[in-house]
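Numbers restart at 1 for each chain; the letters A, B, ... are given by sequence-line order, proteins then strands. FYI, side chains are in, hydrogens and waters are out, and symmetry mates aren't considered; it's all heavy atoms of this structure. All values reported here derive from a predicted model rather than from experimental measurement.
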There are 2 protein chains.
Amino acid sequence: MPKATFFNLPEAKRARVIDAALDEFAANSYHKARVTAIAEKAGIAMGSFYQYFTDKKDLFKYIVDLTVNKKLEYINHDMMANKEKYGFFQLLREIYLSGIRFAQENPRLVAIGNALLTDKELQQEIWGEYQDTSSAFFQQLLEVGLANGELDPQMDSALVAKFLTSLTYSLTDSIYKDGEIDLADLESEMVTIDKMLYFIENGIKKRD
Amino acid sequence: MPKATFFNLPEAKRARVIDAALDEFAANSYHKARVTAIAEKAGIAMGSFYQYFTDKKDLFKYIVDLTVNKKLEYINHDMMANKEKYGFFQLLREIYLSGIRFAQENPRLVAIGNALLTDKELQQEIWGEYQDTSSAFFQQLLEVGLANGELDPQMDSALVAKFLTSLTYSLTDSIYKDGEIDLADLESEMVTIDKMLYFIENGIKKRD
DNA sequence: TATGAATATGAATACACATTCATATTTCTT
DNA sequence: AAGAAATATGAATGTGTATTCATATTCATA
């Protein structure tokens, strides 16, 4: 958590620091990102940086926090509050669509989030334990679907939750070309999402 | 590729270097692994290391090569040569089972492989482009299954291949607890594999 | 056994940044 | 306005380890 000094800063200056950090962390992995560059871009002295943050990790955690919170703003709150009213696959679709909306408007946050998601070691370094929040979230969703009788009751929900987490990364990968989402082609992104939902729903065995 | 000097080395000494490298890279991520430690464990001078390898990356690539080749030895060659004779899911199952056999006998290689698999940035650093061999392999397998009429013909095989790749990482994750496979519990590992195959085959929708 | 080529050695070098620190400047308090 | 508290500054320090290099030793060959 940044120091009080940082939050006492005039709005504009604080924004400059955050903006510089987003630029640097979006363009470079955590380890390659340089405090020097952030300070320079933000127009503050090196010493000031350590007036605001205990260290580089402190800033990075803060940025990750901002990212997570921002992302949460994008999922339809009504849907999540009333899970039972909507079908499981409808909810899942909404989650992925919200991911696209988020990506369209926050490319830098997506880049930072992806880098974190695809580096387990970094996750451990940032949050002590490697806690699979995402997997827990999907499991909860699955439980609701099971209760509704929509889903195959013989499934191992904990395991399937891991699969869904993993597939979600994969989807991300298919949709973002080097951290950039193709804004022009929303249509094709939705098609990809629907193909994935179909895969999750039906598997790949031929049926007649 | 290591220098000629390395391959001219007496068998035993070369083996010592490889062994030291496996120890170090299995215990530490690529970046944290220290050339110093490898030289020391192998009982060679620092200078000698650079007589054998152009740099740390050179050695690491070589170790990854060894790993890949070793792993290939474990998959049933007969099955892969006659893909058509076996069903798609049978082949897939064989692939995963071979992964377990490999892991049982090569824990250090598994650790190194996993670290590489869960760090996309490292992959790019090691192989210039991020070329998804694994995905190409699955796609080829899918094509055969499609030709056989076993698989849903409306699938997008390139996309599904990515999904399978991703699920494979996930399976790895579920089976190896911090790089260690529980040798005592082969039974439960096979169950996990079968649950995953079921998921891939049928999806999660309830059927009657 | 002499001579050049190949190999071995480990101390010295280089480097890239994060972090600290002593000092200067600004802001707040009364 | 004076003194105290908070904030700003950027040069100097520290760290860790990869890589180089000048020199010594061993090996191959004639």
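Checked options A:T192, A:T168, A:D194, A:T172; the residue passing with A:Y96 is A:T168 (criterion: side chain to side chain donor-acceptor pair (under 3.5 Å)).
Taking the nucleotide of DNA chain C with the nearest heavy atom to each of B:T5 and A:V35, the more 5' of the two is matched to B:T5.
Base pairing analysis places D:dA30 opposite C:dT1; the two distances defining the Watson-Crick or G-U wobble pair are each below 3.5 Å. With a cut-off of 3.5 Å on both pairing distances, the Watson-Crick or G-U wobble partner of D:dA18 is C:dT13.
Closest to the side chain of A:A45, from the set D:dT9, D:dA18, C:dA8, is D:dT9. With C:dA18, C:dA8, D:dA18 as the choices, the nucleotide that has an atom nearest any side-chain atom of A:T36 turns out to be C:dA18.
An OP1 or OP2 oxygen of D:dT7 is reached within less than 4.0 angstrom by no side-chain nitrogen or oxygen of A:S48. For C:dA6, neither phosphate oxygen OP1 nor OP2 lies less than 4.0 angstrom from any side-chain nitrogen or oxygen of B:N8. Under 4.0 angstrom from either OP1 or OP2 of D:dA6 there lies no side-chain N or O belonging to A:K3. Phosphate proximity of D:dT19 to B:Y50: present, with a side-chain N or O under 4.0 Å from OP1 or OP2.
Taking atom CG of A:L59 as the reference point, atom P of C:dT19 lies 11 Å away to the nearest angstrom. Atom CZ in B:F60 sits about 14 Å away from atom P in D:dA18, given to the nearest Å. Distance, A:M46 CE to D:dA8 P: 15 Å, rounded to whole Å. Going from atom NZ of B:K13 over to atom P of C:dT9 covers 5 Å, rounded to whole Å. Across the protein-nucleic acid pair, B:R34 atom CZ and D:dT15 atom P stand 17 Å apart, rounded to whole Å. Following rounding to the nearest Å, B:E24 (CD) and D:dT17 (P) show an atom-to-atom distance of 10 Å. The nearest whole Å value for the distance from the CD atom in B:Q51 to the C1' atom in D:dT23 is 13 Å. One interatomic measurement links the two molecules: CZ of A:F7 to C1' of D:dT7, which rounds to 16 Å at whole-angstrom precision.
As judged by a 4.0 angstrom heavy-atom cut-off over every strand, A:A33 is placed among residues touching the sugar-phosphate backbone only. Looking at heavy-atom distances under 4.0 Å, A:F6 makes no contact with the nucleic acid at all.
Geometrically, A:K56 engages A:Y30 in a cation-pi contact, judged by NZ or CZ lying under 6.0 Å from the ring centre and within 45° of the ring axis.
Taking a cutoff of 4.0 Å between a charged side-chain nitrogen and a carboxylate oxygen, B:R34 and B:E40 do not qualify as a salt bridge. A salt bridge does not link B:K41 to B:D19: none of the charged nitrogens lies less than 4.0 Å from a carboxylate oxygen.
Using bins of under 30°, 30° to 60° and over 60° for the plane-to-plane angle, the ring pair B:F6/B:F53 lands in the tilted bin.
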